Amino acid sequence: MGVVNLTPDSFSGDGFSDQVEPAVEKAFSLIAAGADMLDIGAESTRPGAAAAAAQEEVSRLLPVLQALQDCGVPLSVDTRKPEVMAAVLAVGADMINDVSGFSDPAALSAVATSQCALCIMHMQGEPQTMQNNPLYQDVVAEVRDFLSARVEACQKHGIAPDRLVLDPGFGFGKTLEHNLTLFRRLHELSEDGLPLLVGVSRKSMLGAITGRPVAERLSASVAAALMAAQRGAAILRVHDVAATRDALAVWAALSEE
Ligand code: HH2
């Protein structure tokens with residue numbers, strides 16, 4: 001899954017705010033590099049980011065989604081707002097990726113009547129303050145319990161489990177130690193057989209491990225993506241598609257009998 005950020009303030013430094021053409025070009029370059037799907041977001045959720053208004057998100061997203069309608073890969077939209085979900089589903093979005101796990105009471109109703117896929121992510125707190133002092137008794141159990149509860153809520157809304165993807169939410173209300181524990185025990189999160197999405201690309205946990213700034217985390221991101229795939233992740237959310245593809249191709253070739 002290649003990331004396209006339509007934001008002025010994404011942590012990864014690759015956002016295109018209000019610039020439709022470069023964003024669409026970026027999307028096509030990710031597809032050419034081997035992305036099987038795209039995740040398009042119009043609100044930064046980096047720690048401390050200010051929330052974007054729903055109308056602002058919609059006006060950033062719609063022209064890009066329309067330009068990508070025949071791009072040949074499924075389009076996921078990264079949003080927490082039911083109004084935005086409804087607007088992007090009306091122009092054919094294939095998946096809604098909600099970093100709050102569809103916690104807004106109206107969010108599941110917004111997606112229930114469509115056939116879209118849902119990515120349910122765990123986050124402790126809100127982007128504005130989530131990294132202030134994240135606390136868990138048992139991070140794996142709490143993330144797993146949250147995800148199970150959201151799967152159950154989906155079922156109550158008539159959303160079939162085969163539409164669901166789960167994500168522990170690396171860096172979202174988690175210390176380095178929490179992130180490392182979740183990554184090492186990733187297999188414990190896919191217990192009910194639902195596919196897992198992992199997004200660690202360029203994140204600060206990789207900066208903490210390598211001591212490198214965000215612009216120099218390519219090798220670390222590829223290494224982490226590869227390990228996530230080896231631990232069963234079905235979808236890798238990455239900024240650097242070509243490099244990740246190469247690593248996966250080498251792994252696949254060298255693993256064959
Ligand atoms: N990470 C980011 C945003 N959305 N969605 C899912 N499901 N999983 C993630 O790990 C995830 C996500 C943060 O990355 P990015 O979009 O590059 O940054 P920003 O939120 O600052 O735009």
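Remember, it's a predicted structure, so these values are computed and weren't measured experimentally. Every number for a ligand or one of its atoms is a count from 1 in the order of the listing.
The distance from the CD1 atom of I159 to the CD1 atom of I120 is 8.0 Å, given to the nearest 0.5 Å. With rounding to the nearest 0.5 Å, the separation of CG in L65 from CG in L75 is 6.0 Å.
In this structure, V250 belongs to a hydrophobic cluster whose other members, linked by side-chain heavy atoms under 4.5 Å apart, are L254. Think of V165 as one node in a network of Ile, Leu, Val, Met, Phe, Trp and Tyr side chains linked at under 4.5 Å; its network also takes in M1, M37, M95, L197, I235. Side-chain heavy-atom separations under 4.5 angstrom define the hydrophobic clusters, and the remaining members of the one that includes M123 are V99, M121, M130, F172.
Around ligand 1, the residues contributing at least one heavy atom under 4.0 Å from the ligand are N5, S10, F11, S12, S44, T45, R46, D78, N97, V99, C119, M121, D167, F172, L197, G199, K203, R237, H239.
Closest approach of V77 and A93 over heavy atoms only: CG2-CB, 4.0 Å.
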